[in-house]
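These notes concern the structure reproduced below.
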Amino acid sequence: MEFMIKLLVVFSLGAVELLAAIPAGLAMRLHPAVISITAATGAILGAFVVSLLGERARAWLTRHRGRKDKKGWYGRVYRIWHRYGVMGLGLLAPLLTGIPLGVALGIALGAPASRLLFWVSFGIILWSMGLTFIGVLGLTGIDALWK
């Protein structure tokens, strides 16, 4: 039962913030593969939920408010969006903005939900494996210093 609670904590944290789920799993002394898979699964589910809600909100706003022209909007986010697109947002969102905010930004900027979810999921898998590996190396290094 205790193991299931630990998995639920890592899964829930992964749905909200991947960068919090991995250290929590390491602190609870879960196996690194379990941490990576559970955190990534939670994050992908969180991205899917935000995408689903965001698509419906965007469709509703478009129907009721009309589509506004972005021609005069030259902010930093819009320039980055045009330079790197859906792939860049998907790969960088898990690290830079967090997954829910990254997906919401992508939906707001008009990204197709299926492409956005693909690239965000790919980014989540890469970052969860990489961050878990870095965390394990860090803990191994700290353990070696104390011996």
Side-chain angles (χ1 to χ4, degrees), residues 1-62 68 70 72-147:
M1 185 66 175
E2 182 181 334
F3 179 72
M4 293 302 289
I5 293 172
K6 290 178 181 181
L7 285 180
L8 184 61
V9 167
V10 172
F11 182 84
S12 301
L13 282 172
V16 177
E17 182 59 52
L18 186 65
L19 295 176
I22 293 168
L26 290 171
M28 290 186 276
R29 301 191 187 281
L30 291 172
H31 190 274
V34 171
I35 295 168
S36 185
I37 291 168
T38 306
T41 305
I44 291 170
L45 180 67
F48 178 75
V49 168
V50 171
S51 171
L52 186 65
L53 296 174
E55 275 286 315
R56 289 184 179 176
R58 184 175 64 183
W60 183 84
L61 285 171
T62 303
K68 293 193 177 190
K70 298 178 194 167
W73 188 50
Y74 293 108
R76 180 179 294 164
V77 172
Y78 196 64
R79 284 188 306 231
I80 291 171
W81 176 252
H82 274 293
R83 176 175 260 175
Y84 302 109
V86 176
M87 182 174 71
L89 179 66
L91 293 175
L92 294 175
L95 185 66
L96 297 179
T97 63
I99 295 139
L101 180 59
V103 171
L105 280 171
I107 295 294
L109 290 169
S114 59
R115 281 189 64 211
L116 183 63
L117 279 176
F118 172 78
W119 285 108
V120 166
S121 298
F122 190 69
I124 287 168
I125 292 167
L126 286 177
W127 283 111
S128 68
M129 288 188 314
L131 292 172
T132 303
F133 180 71
I134 290 168
V136 169
L137 282 180
L139 288 176
T140 303
I142 290 171
D143 190 42
L145 287 174
W146 288 107
K147 288 185 179 182

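These numbers come from a predicted model, not from an experiment.
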Quiz item: With distance as the sole test, does Lys6 use its side chain to make a donor-acceptor pair with the main-chain N or O of Leu30 at under 3.5 Å?
Solution: no
Practice problem: Kindly compute the distance separating CG (Leu89) from OH (Tyr84), expressed to the nearest 0.5 Å. | Solution: 12.5 Å
Quiz item: With a 4.5 Å limit on heavy-atom distance, are the side chains of Ser51 and Leu116 in contact?
Solution: no
Quiz item: Ala47 and Val120: which non-hydrogen atoms are nearest, and at how many Å?
Solution: CB-CG1, 4.0 Å
Practice problem: Determine the minimum heavy-atom distance between Ala39 and Ala21, stating which atoms define it. | Solution: CB-CB, 3.8 Å
Quiz item: Got a second to check how far Leu26's CG is from Leu139's CG, nearest 0.5 Å?
Solution: 5.5 Å
Quiz item: What is the minimum heavy-atom distance between Pro100 and Val50, and which atoms define it?
Solution: O-CG1, 3.6 Å
Exercise. Under the ring pair (Phe, Tyr, Trp, His ring centres under 6.0 Å) rule, collect the residues that match up with Phe133, sequence neighbours excluded.
Key: none
Exercise. Report the distance from atom CG of Leu53 to atom CD1 of Ile107, rounding to the nearest 0.5 Å.
Key: 10.0 Å
Practice problem: Kindly say whether Leu91 contributes a backbone atom to a donor-acceptor pair with the side chain of Trp127 at under 3.5 angstrom? | Solution: yes
Quiz item: Does some side-chain heavy atom of Phe3 sit less than 4.5 Å from a side-chain heavy atom of Val34?
Solution: yes
Quiz item: Do the non-hydrogen side-chain atoms of Leu13 and Ile22 ever get within less than 4.5 Å of each other?
Solution: no
Practice problem: Kindly give the heavy-atom pair with the smallest separation between Val9 and Met28, and that separation in Å. | Solution: CG1-CE, 3.7 Å
Quiz item: Between Ile44 and Ile125, is a side-chain contact (heavy atoms from CB on, under 4.5 Å) present by the stated rule, with each step listed?
Solution: CA-CA 9 Å; Ile44 291 170; Ile125 292 167; 4.3 Å; yes
Exercise. Compare every heavy atom of Gly90 with every heavy atom of Pro94, then report the nearest pair and how far apart it is.
Key: CD-O, 3.3 Å
Quiz item: Is there any salt bridge (Lys or Arg N to Asp or Glu O under 4.0 Å) pair reaching into residues 127-147, and which pairs are they, with sequence neighbours excluded?
Solution: Asp143-Lys147
Quiz item: From Ile37 CD1 over to Thr132 OG1, what is the distance, rounded to the nearest 0.5 angstrom?
Solution: 9.5 Å
Quiz item: What distance separates Leu18 CG from Ile99 CD1, expressed to the nearest 0.5 Å?
Solution: 4.5 Å
Exercise. Verify, without hydrogens or angle tests, whether Ser12 (side chain) and Leu8 (backbone) share a donor-acceptor contact under 3.5 angstrom.
Key: yes
Practice problem: Output the distance between atom NE2 (His31) and atom OG (Ser36), rounded to the nearest 0.5 Å. | Solution: 11.0 Å
Practice problem: Describe, in one word, how the ring planes of Phe122 and Phe118 are oriented to each other, choosing from parallel (under 30°), tilted (30 to 60°) and perpendicular (over 60°). | Solution: parallel
